Structures are given as C-alpha cells and as structure tokens.
Amino acid sequence: MNEKDVLRAKFSKDPKRYYEVNLFTREGFIRKQCSNCGRFFWTLNQDRELCPEPPCQQYDFLGNPPTNRRFDYVDTWREIENFFVKNGHTSIKRYPVVCRWRPDLFFTVASIISFQRIEGGEVVFDMPANPLIIPQTCLRFNDIQNVGISGKHYSSFGMIGQHSILDGAGYWKDRCIDLDFELLTGPFGIRPEEVIFTEDVWVGFGAFGYSLEYNVRGLELGNAVFTEFKGTPSNYNIMQEKVIDMGAGLERFAWITQGTPTSYDSVFGPVMKQLIARSNLEYDQEFYLKYARIAGMFNIDEIPNIDTAKTHAAKKLKVSKEYLKNQTSGLEALYALADHARTLVFAIADGGLPSNVGGGYNLRVILRRALSFLDKFKWDISLEEVANWHIDYLKEIYPELEEHRDDVSTILHVEKQRYQNTLERTSKIVRNITKNKKSQSIDELIQLYDSEGITPDMLKKQGLQIEVPSDFYTKVTERHMMEKKDKERPKFDTDKLPPTRLLFYENQHLFEFTGTIVKIINGEYIILDQTAFYPRSGGQEPDHGFIGGSEVMDVEKYGNVVLHKVKGKQLAEGQQIRCTINVERRETLARHHTATHLVNGAAQKVLGSWVWQHSAYKDIDKARLDITHFAHLTDNEISKIESLANNAIRLNLPVKTEILTRSKAEQKYGFRLYQGGVVPTRDLRVLNISGWDVEACGGTHTSMTGDVGFIKILKSERIQDGIERIEFVGGEPALKHIQMRENILKEISETVESPQNKVVTVVTDLKRTNDILRKKQKQLIKELVYYEVPVMLKKAIEIKGLKVCVSKKEGLGEEYHVPVGDQAISTQPHLIYCGISLLEKSVRIFIFSGDEAQKNGVRANVIARNIAITLGGSGGGDSRFGQGGGNRITRINKLEDSLKNIISLHIKRE
RNA sequence: GGGCCGGUAGUUCAGUGGUAGAAUAUCCGACUUGCACUCGGAAGGUCGGGGGUUCAAAUCCCCCCCGGUCCA
C-alpha cells in the first residue's frame with residue numbers, strides 16, 4: 001500500500017470526523033463500501049453496490065446526458081461563475097500557466113497552485129479574495145500519449161477552482177459540499193440521487209487533507225479537498241487556517257451536459273467543426289459512439305499499450321482491428337491536434353517558449369507531435385490557424401489571448417521552420433546510416449536517440465533490421481543519471497540573532513552610518529545591528545567599504561542577518577563603530593542595476609512580449625541580462641535595443657519604489673513583476689520605471705533614469721536554446737569602454753598607416769593580398785621544383801649503387817621538401833632524397849626513397865626515425881616517405897654524415 | 001538544471017598523430033554537336049576560432065564560438 005492508501009484507510013476509519021458533512025445527514029445520504037474495489041462512497045440510492053468510478057462503473061451519460069440543459073465550454077464556465085458569485089464568491093482572472101512564482105514547478109498544474117507561495121521553505125496560501133472562484137488553465141504533460149485517445153485526457157484543461165480559507169470570511173467543508181451539490185442539482189438540473197461522493201485523500205507539497213470526490217454517471221466531475229494538515233502524513237500539524245481546495249474539471253462539466261462520444265467534441269466545439277471540415281475526415285458517428293463507450297472504460301494508466309486496448313475493443317465491437325484503427329486514428333489525431341494547439345496558445349500567451357531545456361522542452365514536444373499529425377495525414381491545415389480558432393472561441397473567457405494572437409503565430413511559425421529543418425537533417429543522417437550498415441548495436445541506437453533525436457522506430461521505417469530491447473528508454477534515462485554536486489556554503493549559526501536592520505531600503509543614499517557589532521564569527525565575519533552595506537543578491541554584487549579600520553571585502557545575506565567579511569584590524573563584539581561605504585562602487589552598481597531594467601524594457605519593446613528576464617548579473621565593470629527569445633539577436637536588433645534604452649535615460653524618468661503586499665502587487669501589475677524570479681516574502685518591493693518596466697526588485701538603484709548616463713551594449717550571445725545574453729556597460733564604465741575601443745582603432749590605424757575612416761578598406765585589402773601571396777607561393781614552389789630537381793640530382797652522390805642527395809634549407813619546411821622530393825624520386829627510382837629543414841628551435845627531416853631504393857632495403861620511415869633519434873626526437877611514415885625531427889639543433893653539422901652512414905648501413909644489395 | 005553529438009572544397013561527406021581526400025556542382029578540352037552522355041584536365045581548403053602537448057595536429061588535451069539533440 002502506498003502513502004495515499006494508508007492515509008485513505010486512516011480517514012475512512014473515522015467517517016464522522018472527516019467525511020460526514022451536513023448535506024449527508026440532512027438529505028439522508030448512505031455510506032457504502034464498493035463491493036468491487038472496497039472504497040467508501042455516499043449515495044441516496046440504497047441499492048447501489050459499486051462505487052461510481054471506472055472500472056467499477058462505466059460511463060452512462062454518453063448520448064444520454066443527465067442535465068436539463070446543454071452547455072458549450074464557454075457557457076459552462078459562465079453558468080458556474082454566476083452560481084458561485086451569487087453565493088458570495090469573487091471571480092478571479094486565471095493566473096499564468098507558466099508558473100513563475102514557484103521555483104519547483106514549470107507550469108501551473110492545479111488551481112490551488114495559483115495561491116500557493118513558498119516562504120522560508122514552507123507553503124503559504126495567499127488568496128486575493130475569500131472565498132473565490134477561478135477558471136484556472138492548467139498544464140500537465142504526463143499523459144500526452146493518451147491525449148486524443150481516451151476521450152478525456154488533455155495536456156491543458158480548465159480547472160474550476162473553488163477556494164476558501166477558514167479565517168472568518170471563508171467557510172469549511174459543510175458549506176463547500178452544500179454549494180457543490182446545489183450547483184449540480186440546481187443550475188445543471190442533475191437529479192440528487194445521481195450525485196455520488198467518494199471518500200478520498202490528497203497529499204500535496206507541504207500540506208494534505210481528506211477529500212470528497214463527486215461523480216455523476218461514472219464521470220468524476222470534481223474533488224473537494226479539505227486541507228487541514230501541514231507537513232507530511234508522518235509528521236504534521238493541524239493548520240491554523242484550513243483551506244478548501246475544490247477543483248472541478250471545466251471540460252467534464254461541459255461534457256456531461258452534452259454527452260458527446262468524447263469530451264473533446266463538447267469542449268473544442270467550433271474548433272472541432274473547423275478541423276473536421278478542413279480535413280475532409282469521414283467517419284461513422286454511430287460506430288464511434290459505441291467505441292467511445294468502451295474506450296471510456298479503459299483505465300489507460302494501467303493498460304500496457306494502446307494497441308492491445310484497441311484489439312480488445314475491436315473484439316467487443318465484433319469488427320476487425322484494422323477497421324477500428326481506420327475509424328479512430330484520424331479523429332484521434334484531430335482531437336490531439338486541437339488539444340496541443342490550445343495548450344500552446346495558453347503557454348505562449350503567458351510567455352512560455354518552446355526550447356530544448358526546461359518546461360520549453362514539453363512545449364516543443366507537443367508542438368512537434370501536432371505537426372507530425374498534420375504531416376502524417378497530409379491535412380492542409382496550419383497550426384497557426386488552429387491556434388487562431390481557439391483564440392476566437394476562448395477570448396470571451398480569456399480576453400488576454402486575443403492580445404497575444406500575433407505572438408502566438410510568430411512563435412508557431414518559427415518553430416515549424418525549425419521542425420522542418422530537423423526533419424531534413426534527420427532523414428539525411430538516417431540515409432547515411434542505412435548506406436553503411438544494416439544493423440546497429442544497442443549502444444549505437446541509444447547514442448543516436450540521445451544525441452540526434454532519432455528513435456529506433458524511425459530507423460525501422462527506413463528498412464533497418466534492428467532489435468529494440470524493451471528497456472531501451474530506461475537505458476536512455478540511465479545515461480542521464482549523474483551525481484549532483486551541491487555548492488557548499490559555509491554554515492553559520494545565525495538563527496538566534498536578531499535580524500539586521502537594512503538601512504539601504506530606508507535611504508538609498510546613506511553611505512556613512514554607525515552600527516553596533518552584534519557578533520563576530522571566525523574573526524572575519526561581522527554582524528551589525530543595522531547596515532547600509534548592500535549584500536550580494538538579485539544578481540547585484542555587494543558593496544565594499546570600511547567598518548572602522550577594517551576593509552569590507554564581501555557582504556552576504558544569511559537568513560535574516562547580513563554578514564560582512566572583513567580584513568584588517570581586530571574588532572570587538574558590542575563595540576559601536578563608524579562604517580563607510582565605497583560610494584563610487586555602490587553608484588556604479590546602482591547605475592548598472594537601473595540600466596538592466598531599462599535594457600529589459602527596451603528588449604521587450606523591440607523583440608516582443610515573449611521576452612522575459614531569465615537572470616541578470618551586475619558587477620562594477622559590466623552587467624549582463626539574460627532574456628527569453630527564440631532567435632539569435634541581430635546587429636540591427638541590438639542597436640535598436642541600445643538606442644531605446646538610451647532614450648529612456650534621456651527622458652530622465654523617476655525610478656520609484658513602493659512596498660505592496662504580494663497579492664496586491666500581483667493584482668495591480670500582473671506576473672510581469674517576477675522578471676527576476678520568485679520573491680519569497682509577503683511584502684514586495686516593487687520598482688517602477690513608468691512606461692518601461694515594473695518588477696519586484698530588492699536592488700539599489702539610481703533615483704532618476706538620467707543618472708545612468710549612457711548605456712553601451714558590448715555583445716550578445718546564446719547561452720542556451722531560447723535564452724539570449726546581453727552584455728552591457730553603463731555610466732563611467734561605458735565611457736571607459738568606448739575610449740578603449742577608440743584606442744584599439746587608433747593603434748590599428750597607426751599600424752596599417754592609414755586614417756581611421758579608411759582602416760576597414762586597408763585591412764580588407766591586406767587580407768586579400770595575403771591570400772593572393774599564399775597562392776603565389778604555392779605556385780612558385782611548383783615552378784621551383786621543375787628547376788631544383790635536376791640541380792639536386794647532379795649533386796647526388798652514389799652509395800652502394802644507389803644515389804643519395806641531401807638538401808638543407810633554412811626556414812623552408814615541408815611546403816618545399818615534399819614536392820621536390822616527391823618529384824625527384826618519381827624520375828629517379830634509385831634516389832634517396834633527404835630534406836633537412838632548419839627551423840627556429842628544431843630540425844625537421846624529410847626522406848623520400850625511390851622504388852629501387854626501397855627494393856634495396858632503404859625504408860624512408862626507418863631512416864627518418866633513426867636520424868631523428870640522434871636529434872632527440874622521433875619520426876614515422878611509410879617506406880616511400882618518412883619524416884621526423886628533433887630539437888638538438890647543435891647536431892646539424894654532423895647531420896649530413898650521419899645520414900649517409902645510416903643509409904649506407906640499411907642498403908642490402910643482392 | 002544535467003548531459004550527449006556535430007562543425008573538413010560551393011554542396012554532401014570520408015579521413016583515430018606522418019604529403020588534406022571522394023562524390024557532385026563549376027571551368028577548360030576532346031568525342032558528339034540539337035540537348036544529353038562519355039572521356040581527359042583544371043580550379044576550388046587559415047580542416048569553426050584560440051591556446052597547449054609533439055620533431056610533426058583535421059586527428060590528442062584545455063578554453064571559446066556556432067548548430068543540433070536527449071533527460072528531469
């Protein structure tokens with residue numbers, strides 16, 4: 001039994017305490033245990049023996065919905081929203097699907113996530129209203145294989161979040177279930193005896209509780225979690241303020257009112273109509289409904305693969321497997337296409353970019369999956385069109401999608417291009433492989449998949465005979481198992497110390513202050529009661545300066561205290577001491593920090609709304625900003641960003657800060673606030689440069705943008721897929737940089753002896769001349785060979801019937817000896833050519849041995865190696881051509897004689 | 001966040017320390033002469049960049065740039 005089962009058993013032992021809500025006693029619900037799976041459930045129907053969930057019960061609403069009215073997706077939400085608002089709830093706009101407020105999640109996976117923040121390693125609940133209702137779009141990528149097939153799985157779905165904190169304004173479980181029951185039986189007109197509640201539990205990050213899941217005709221519609229405990233099931237406390245986390249599927253509510261074969265038909269209404277029309281897909285609707293009834297019973301999580309499930313279904317329907325596949329595969333692809341496109345619309349609108357790392361990887365996977373469906377079925381539909389149909393339909397609930405319509409198209413287009421390039425590349429690689437070999441080893445298969453993205457299936461399709469082990473993907477995963485190294489931070493016991501008062505937030509221009517030394521650790525870390533020293537944080541390097549006569553080398557925040565690392569004179573605890581901050585350093589850092597915000601704002605304006613700050617770093621000599629963007633920045637874009645940022649400086653805008661509670665700040669400015677990442681505090685310091693940038697920021701800044709002076713972008717580079725780094729300088733360092741470049745230019749212009757404005761022409765010319773000279777040299781040596789060879793042959797001496805000639809050249813190397821020697825032995829098979837090159841620190845030897853010479857035992861490589869050994873080096877080659885050398889230059893005088901000796905020794909005349 | 005693969009002639013790629021190659025495209029010539037084909041020849045390279053090891057580096061080591069790709 002897993003943790004969840006143990007917990008469920010525990011809570012079900014005491015139903016009165018946990019599960020028996022008001023509604024049950026008032027309306028006469030009976031508690032029963034499922035005779036099949038053993039779970040407990042509450043129902044008005046005395047005769048019911050089975051719990052209401054598949055596989056214990058099958059879908060009874062397909063073609064036969066239990067509601068009195070039919071709603072489409074949008075109207076379903078309107079109906080639910082109206083109901084809860086009438087009952088005292090505030091309707092909240094959805095939060096972004098890209099979850100920037102939780103460091104442990106890429107995407108918002110449940111409505112409650114929107115209101116969870118991490119504070120000091122603990123989850124806290126932070127709701128802008130109480131109670132509230134929210135149509136939270138959630139992204140989940142763990143069931144992609146089932147999307148389009150099961151009829152109910154999605155990569156993104158709307159979670160109706162009904163949330164309440166029991167703190168006076170909110171309510172607890174009785175009212176929650178009353179409301180949910182009333183929603184079903186009232187506005188949706190479902191008969192009370194059709195509503196069944198099942199006992200369940202829920203364990204989340206740092207909190208858990210018991211829950212009542214409600215089902216109608218086999219379909220789970222929602223799950224009301226009563227989050228009462230903080231911690232883990234083995235170690236917990238009862239929460240001060242208990243939280244209602246009721247999450248219901250908007251998709252399922254819409255589905256149950258319509259009773260269509262799949263929920264996709266109900267949810268994607270107009271989009272599905274367009275898709276079916278444009279794809280000219282024909283299928284038997286009657287048959288599909290019958291199939292859907294069976295497919296709905298599949299518990300896809302537990303079925304090894306879809307193929308066997310379909311075989312099963314075909315048997316039951318008494319048709320062939322092929323017929324079933326024909327009838328279903330096209331439609332399933334259309335459903336998946338609709339789902340994937342919708343997910344991409346939300347993700348991209350919220351600033352997510354497909355890439356090969358992080359959450360972007362999930363987005364790229366579904367994007368390519370969608371494109372591959374379009375390819376496979378050769379439908380003349382573009383992903384951009386599908387995205388636009390979704391926006392047309394959904395903008396009524398989610399008007400923000402309309403604002404990002406063009407961005408979505410832009411990014412989908414870029415990604416399609418990339419996908420096509422990859423396809424071409426892949427088929428080329430596969431072609432190469434198939435050319436050389438018919439089979440591949442398992443290691444080679446893994447290598448191909450891991451580094452090129454080529455799956456064994458793709459190879460099989462190309463006619464390769466390969467065997468794929470069943471643990472193939474496990475083996476791939478194993479390759480990625482690596483030890484994780486944690487950066488060690490020195491440990492200090494600072495828990496009992498009072499928090500350091502941060503003076504730089506009270507006055508940014510306080511550069512001198514008096515503090516009391518609270519503690520000194522290891523003789524070098526000083527903790528003061530208050531400090532104006534800014535510690536390293538938010539990518540900003542720390543202040544330097546003096547505490548008394550001791551120099552401050554580093555400042556870091558440790559919990560709630562600030563540690564100053566000092567060098568120099570001894571200080572004593574309890575001492576009151578005068579502190580001064582290096583003003584120039586601080587102001588440079590402040591200028592760079594404000595400049596970062598300006599560059600960020602400019603980049604968003606120049607490139608597009610998908611640009612977010614990924615990370616940033618501000619030092620005194622330069623600063624850098626990493627932004628999310630799908631392509632390499634062009635020179636033109638960089639200069640536009642630079643101009644725009646400098647424009648903001650000239651406008652001399654005020655740099656304002658205000659402290660807001662987190663939820664107020666989020667409501668007022670949106671999640672653009674979290675450019676620099678999550679801020680783990682209840683109150684946010686919001687930095688606002690009107691019209692340019694608003695973000696949560698704890699750094700020190702200039703008062704006006706004009707104080708930055710001047711921004712110069714140095715370079716941009718791609719640090720990973722989807723992230724561009726912009727490196728720049730501001731203020732004094734910017735000027736210094738320009739001056740440095742000026743000096744370089746001056747130096748070049750002096751070296752090439754031309755005015756600065758002609759330098760480019762002159763250097764271009766120099767390079768061209770150089771190229772021409774190199775070619776000419778080659779040509780000349782070729783000509784030289786023609787004249788040199790006869791001269792060389794005349795000088796040759798005879799040893800044991802063979803000819804030997806030695807040619808010594810200073811400075812000239814293989815470019816001379818190789819063609820000369822080559823030519824010489826090709827005309828004179830009895831010749832042994834010995835080239836000697838005298839270089840600065842070494843000697844090189846080139847030996848060519850003619851055909852006849854070789855036959856008489858003179859092997860060029862052997863000669864070369866032997867002579868090279870006397871030079872303190874080594875050599876090699878083949879019997880025709882050998883080379884070697886060494887660095888004992890002093891041996892050069894004896895070299896010619898030794899050569900003759902060695903050759904003479906090797907000649908074996910018969 | 002953690003990995004892996006690749007970068008050589010205009011193009012597609014061989015090349016595991018010893019003279020940088022093939023195919024194709026290009027140009028010239030021959031055969032034909034309407035195109036095509038065939039044959040012969042030529043030209044085309046800072047082997048992504050920099051540093052190191054070595055007598056010698058496309059090849060080995062380090063750093064960087066560019067492209068691709070997998071996993072969580």
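Chain letters run A, B, ... following the sequence lines, proteins first and then strands; every chain starts at 1. Remember, predicted model here, so these are calculated numbers, not experimental data.
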State, with a plain yes or no, whether a side-chain heavy atom of A:W101 is found less than 4.5 Å away from one of A:P96.
yes

What's the shortest heavy-atom distance between A:T596 and A:A616, and which atoms?
CG2-CB, 4.0 Å

Sidechain N-carboxylate O distance under 4.0 Å for A:E541, A:K618:
no

Whole-Å distance separating the CG atom of A:D721 from the P atom of B:C65
15 Å

Is a salt bridge present between A:K855 and A:E852, judged by a nitrogen-to-oxygen distance below 4.0 Å?
yes

Atom C1', compared across B:U33 and B:C39: separation rounded to whole Å
16 Å

Distance in angstrom units between A:I825 CD1 and B:U19 P, rounded
14 Å

Which residue lies more 5' along RNA chain B, comparing A:N887 with A:V818 via nearest heavy atoms:
A:V818

Using the C1' atom as the point on both nucleotides, what is the distance between B:U26 and B:G7, in whole Å?
24 Å

Quickly work out the A:R859 CZ to B:G18 C1' distance and round it to whole Å.
15 Å

Closest approach to the side chain of A:H614, judged atom by atom: which nucleotide of B:G1, B:U19, B:A56 is it?
B:G1

What closest approach, in Å, do A:D350 and A:V98 show between heavy atoms, and which atom pair accounts for it?
O-CG2, 4.0 Å

Can A:R624 and A:D619 be counted as an ion pair, charged N to O under 4.0 angstrom?
no

Ignoring backbone atoms, establish whether A:S874 has a side-chain N or O less than 4.0 Å from OP1 or OP2 of B:A56.
no

Under 3.5 Å, which N/O atoms of the protein pair with N/O atoms of nucleotides 44-51 of chain B?
none

Pairing partner of B:G21, by Watson-Crick or G-U wobble and under 3.5 Å for both distances, is B:C13

Mind checking the P distance from B:G15 to B:C55? Whole angstroms is fine.
28 Å

Spacing of OG1 belonging to A:T343 relative to CG belonging to A:L367, to within rounding of 0.5 Å
11.0 Å

What integer number of Å spans the P atoms of B:C63 and B:C5?
14 Å

Need the pair for B:C4. Rule: Watson-Crick or G-U wobble, both distances under 3.5 Å, any strand; none if unpaired.
B:G68

Would you mind classifying the nucleic acid contact of A:G358 as base, sugar-phosphate or nothing, using non-hydrogen atoms under 4.0 angstrom?
base

Run A:Q883 and A:H817 through side-chain contact (heavy atoms from CB on, under 4.5 Å) and show every step you take.
CA-CA 11 Å; A:Q883 50 181 311; A:H817 286 301; over 6 Å; no

Gap in Å between the two C1' atoms, one belonging to B:C61 and one to B:U16, rounded
15 Å

Closest approach to the side chain of A:Y449, judged atom by atom: which nucleotide of B:C66, B:U19, B:C70 is it?
B:C70

Compare the minimum distances between each of B:G1, B:U19, B:U69 and the side chain of A:V357, then state the nucleotide with the smallest one.
B:G1

Measuring only the P atom in each nucleotide, how far is B:G44 from B:A9? A whole number of Å is fine.
14 Å

A:H632 NE2 to B:C65 P, straight-line distance once rounded to whole Å
10 Å

How far, in whole Å, is B:U59 from B:G49 if one measures between their P atoms?
10 Å

Please work out if A:Q883 contacts a base, only the sugar-phosphate, or nothing of the nucleic acid, heavy-atom cut-off 4.0 Å.
base

First encountered from the 5' end of RNA chain B, between A:G875 and A:V843:
A:G875

Value in whole Å for how far the P atom of B:G2 lies from CD of A:Q720
9 Å

Rounded distance (Å) that lies between atom C1' of B:C55 and atom CZ of A:R888:
12 Å

Take the protein atom CG of A:L838 and the nucleotide atom C1' of B:C55, then report the distance between them rounded to whole Å.
13 Å

Is there a Watson-Crick or G-U wobble partner for B:A42 with both distances under 3.5 Å, and if so, which one is it?
B:U26

Check the angle between the aromatic planes of A:F881 and A:F846 and answer parallel, tilted or perpendicular using the 30° and 60° thresholds.
parallel

Who pairs with B:U32 - Watson-Crick or G-U, where each distance is under 3.5 Å:
none

Separation of the C1' atoms in B:G45 and B:A14, to the nearest angstrom
15 Å

Could you please name the option among B:G1, B:C70, B:U19 that lies closest to any side-chain atom of A:N356?
B:C70

Rounded to whole Å, please give me the gap between CZ in A:R844 and P in B:C55.
11 Å

Considering only heavy side-chain atoms of A:R368, the closest of B:U69, B:A20, B:A56 is B:U69

